[in-house]
Every structure is written in C-alpha cells, then in structure tokens.
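These notes are about the structure you will find just below.
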There are 2 protein chains.
Amino acid sequence: MNKSGERILSTLEHVGGFASAQEIHRAMVRDGKNIGLTTVYRGLQALIKENIVDILRRDDGEAIYRVCGDAHHHHLVCKKCGRTVEIEGGEIEKWALQEAAHYGFREVGHSAEIFGICSNC
Amino acid sequence: MNKSGERILSTLEHVGGFASAQEIHRAMVRDGKNIGLTTVYRGLQALIKENIVDILRRDDGEAIYRVCGDAHHHHLVCKKCGRTVEIEGGEIEKWALQEAAHYGFREVGHSAEIFGICSNC
DNA sequence: AACAAGAATGAAAATGATTGTCATTTTCAG
DNA sequence: CTGAAAATGACAATCATTTTCATTCTTGTT
C-alpha cells in the first residue's frame with residue numbers, strides 16, 4: 001500500500017468504520033491532509049482489491065466503504081443507520097458451490113447480504 | 001394505478017422479474033410501446049409507494065426493480081457471457097432470518113447471488 | 001360540443017457520484 | 001544524478017436519476 005492508501009485507511013478507521021468516498025475526502029481536507037478526490041477514489045479501489053476494505057451501498061445507491069478483516073464473511077446491515085454486523089456464511093458457502101456445480105459453472109464466487117432494521121432504530 | 005403504471009408493471013413481469021429503469025425503458029421502446037424514460041422512473045416510484053414493486057441495488061449501484069410477491073429466488077450469473085439461471089434460495093432464507101433475529105433486526109430482507117463461468121465459456 | 005382544471009407526459013436541462021484523461025510531480029533503483 | 005515508472009490531482013466526461021416546464025390527455029360540468 002502506498003502513502004495515500006495509508007492515509008485513506010487511517011481516515012476511514014477514524015470516522016467510525018464506514019463512510020462514502022466524498023465523506024472521506026471531506027474529512028481529510030478538513031483535517032489538513034491535502035489530497036484530491038480522484039486519489040481517494042483510486043486509493044479505495046486499490047484497498048478493495050487488496051481486501052482491506054469492503055464496499056457496500058446506501059439505500060440511495062451511494063457507495064460506502066468500511067475496513068474489514070481478511071476472513072470471508074457476510075454482512076447484516078441496518079437500512080436506517082447503516083450499522084453493520086459481520087456474520088459467517090455457514091451453509092451459504094456449500095449452497096453456492098452445489099448450485100454452481102449443478103449447472104456446470106466454474107470459478108465460483110458469491111455475495112450475500114442481509115438487510116433489516118436494527119434494534120436501535 | 002394509471003395506464004403507464006400498468007404497462008411498466010407488465011413489462012417488468014415479462015423480463016424475468018427484475019430490471020433497471022433503463023432496461024425496462026429499452027424493452028418497452030423495443031416492443032413498440034412508446035414511453036419516455038421520465039415516465040418510467042415516475043411510474044416505478046409510484047409502484048414502490050403502492051408496495052407493488054421493490055427496489056434493490058446492483059453491485060454498481062444501479063437501482064433494480066422487482067415485482068413484490070414474485071416468488072423469491074436467486075441468480076447464478078456467468079461472469080463472461082452474462083447467462084443467468086434462476087435458482088432457489090433453499091436454506092438461505094432460513095439463514096437470513098436466523099442471523100437477523102439473533103442480532104435483533106426487524107423487517108428483514110436479503111440478497112444473494114452466485115458468480116462463476118458457465119460451461120459454454 | 002365546449003370548457004376549464006388538473007393530472008400525466010416527455011424533452012431537455014440539472015444534479016451528483018464516479019471514472020477517465022493527461023500533464024505534472026514524486027519515488028527510487030542503477 | 002537520471003531516467004523510467006508510479007502516483008497525483010485538476011478537469012472533463014459519463015451515466016443514472018431527478019427536476020423543470022411546456023404541452024397534451026382526462027374528466028367532470030355546463
């Protein structure tokens with residue numbers, strides 16, 4: 001990871017775990033770090049490729065980014081406040097492989113998320 | 001529901017259950033119905049308000065609309081050619097409800113897709 | 001039929017997030 | 001130091017979606 005990547009990651013960690021690219025950029029400029037919006041977007045793409053951050057979508061379609069661990073996992077996301085819980089896939093992994101094999105698909109991956117309204121909202 | 005609402009809904013039902021606004025519009029124009037993109041967007045908003053259709057998000061953030069009460073199912077998508085197979089969720093439904101309940105989430109929904117490369121590719 | 005009020009329509013402009021371009025700057029190995 | 005490669009950021013382009021606004025349909029009333 002390069003310097004701007006580190007600064008983006010550090011900012012992301014300090015703003016409560018998730019934020020949009022624009023919010024991250026605003027926070028960085030506010031805090032005196034000088035960086036362009038383009039670089040923030042590129043840095044985030046790189047961090048995603050390295051599996052250091054995760055991308056999700058707000059209800060309005062805006063992308064939000066959050067730091068995540070390495071292990072493959074899924075998310076339980078609150079539609080109101082954005083609170084996110086990492087959960088295990090469990091049977092999903094098996095289900096994906098079985099269905100894919102059944103239809104002759106190779107190089108299988110999957111995505112699964114659960115949405116709802118959390119107890120605080 | 002007004003006339004354009006009915007035509008939008010009918011188109012949505014005929015394209016496999018879900019599609020983006022732009023895709024719905026393209027399909028309608030292709031089929032000779034003449035309608036403006038604006039009206040498609042407005043019609044979809046109205047259908048959402050009436051709880052007749054549901055809005056979800058693609059990975060790229062584009063909104064996709066689905067008829068509610070449509071049998072809920074998932075997709076197996078080829079990363080190369082885009083071929084899509086509709087599959088049953090099976091245990092996924094249970095998994096989503098259980099996990100959500102465990103963390104106190106209400107009004108639960110979920111999305112799950114499997115990606116791979118199909119036998120033709 | 002004639003009329004008006006209001007809803008529906010759609011072309012075009014506006015918006016806003018994201019991505020592409022490209023000239024400039026930084027980094028770094030030799 | 002020096003040149004190649006990577007990183008940067010201002011700016012323009014793209015694309016889905018929303019807003020605006022002038023025009024066209026409905027529909028009820030006389």
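In what follows, chains are A, B, ... by sequence order, proteins preceding strands, each numbered from 1.
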Item to complete: Report the distance from atom CG of Asp59(B) to atom C1' of dA17(C), rounded to the nearest whole Å.
Response: 17 Å
Discussion item. Taking the ring of Phe18(B) and the ring of His75(B), is the distance between their centroids below 6.0 Å?
Written reply: yes
Discussion item. Taking the ring of His74(B) and the ring of His110(B), is the distance between their centroids below 6.0 Å?
Written reply: yes
Item to complete: Please report, rounded to the nearest Å, how far the P atom of dT19(C) is from the CD atom of Glu62(A).
Response: 12 Å
Response to the item:
The side-chain contact (heavy atoms from CB on, under 4.5 Å) partner of Val40(A) among Gln45(A), His25(A), Glu23(A), Arg26(A) is His25(A)
Discussion item. Do Leu76(A) and Phe105(B) have side chains that approach each other closer than 4.5 Å (heavy atoms only, starting at C-beta)?
Written reply: yes
Discussion item. Just the rounded figure in Å: distance from C1' of dA17(C) to CD of Gln45(A).
Written reply: 12 Å
Worksheet item: How does protein reach along nucleotides 25-30 of chain C, written 5' to 3' as B (base within reach of a heavy atom under 4.0 Å), S (only sugar-phosphate), or - (no contact)?
Response: --S---
Worksheet item: Just how far, in rounded Å, is P of dA16(D) from CG of Leu44(B)?
Response: 15 Å
Worksheet entry | Selection: residues 32-42 of chain A, any non-hydrogen atom under 4.0 Å of DNA chain D | Asn34(A), Ile35(A), Gly36(A), Thr38(A), Thr39(A), Arg42(A)
Fill in: Within 6.0 angstrom of Glu6(B) CD, more than 12 heavy atoms from elsewhere
yes
Item to complete: Using a cut-off of strictly less than 4.0 Å, decide whether Ser4(A) has a side-chain nitrogen or oxygen near OP1 or OP2 of dA7(D).
Response: no
Response to the item:
Here the distance between atom P of dA16(D) and atom CD1 of Ile55(B), to the nearest Å, is 14 Å
Worksheet item: Between dA16(D) atom P and Arg58(B) atom CZ, what is the distance in whole Å?
Response: 10 Å
Worksheet entry | Minimum side-chain heavy-atom gap Met28(B)-Arg7(B) below 4.5 Å | yes
Worksheet item: Does some side-chain heavy atom of Gln98(A) sit less than 4.5 Å from a side-chain heavy atom of Glu91(A)?
Response: no
Worksheet item: Do Ser111(B) and Glu113(A) pass the side chain to side chain donor-acceptor pair (under 3.5 Å) test, and can you show the C-alpha distance, the side-chain angles, and the key distance before you say yes or no?
Response: CA-CA 5 Å; Ser111(B) 74; Glu113(A) 284 183 54; 5.6 Å; no
Worksheet entry | Spacing between Lys49(A) atom NZ and dA7(D) atom C1', to the nearest angstrom | 15 Å
Worksheet entry | Beyond-backbone contact of Ile64(B) with Ile55(B), side-chain heavy atoms, under 4.5 angstrom | no
Worksheet, complete the sentence: In whole angstroms, the gap separating C1' of dG9(D) from CG of Asn2(A) amounts to 14 Å
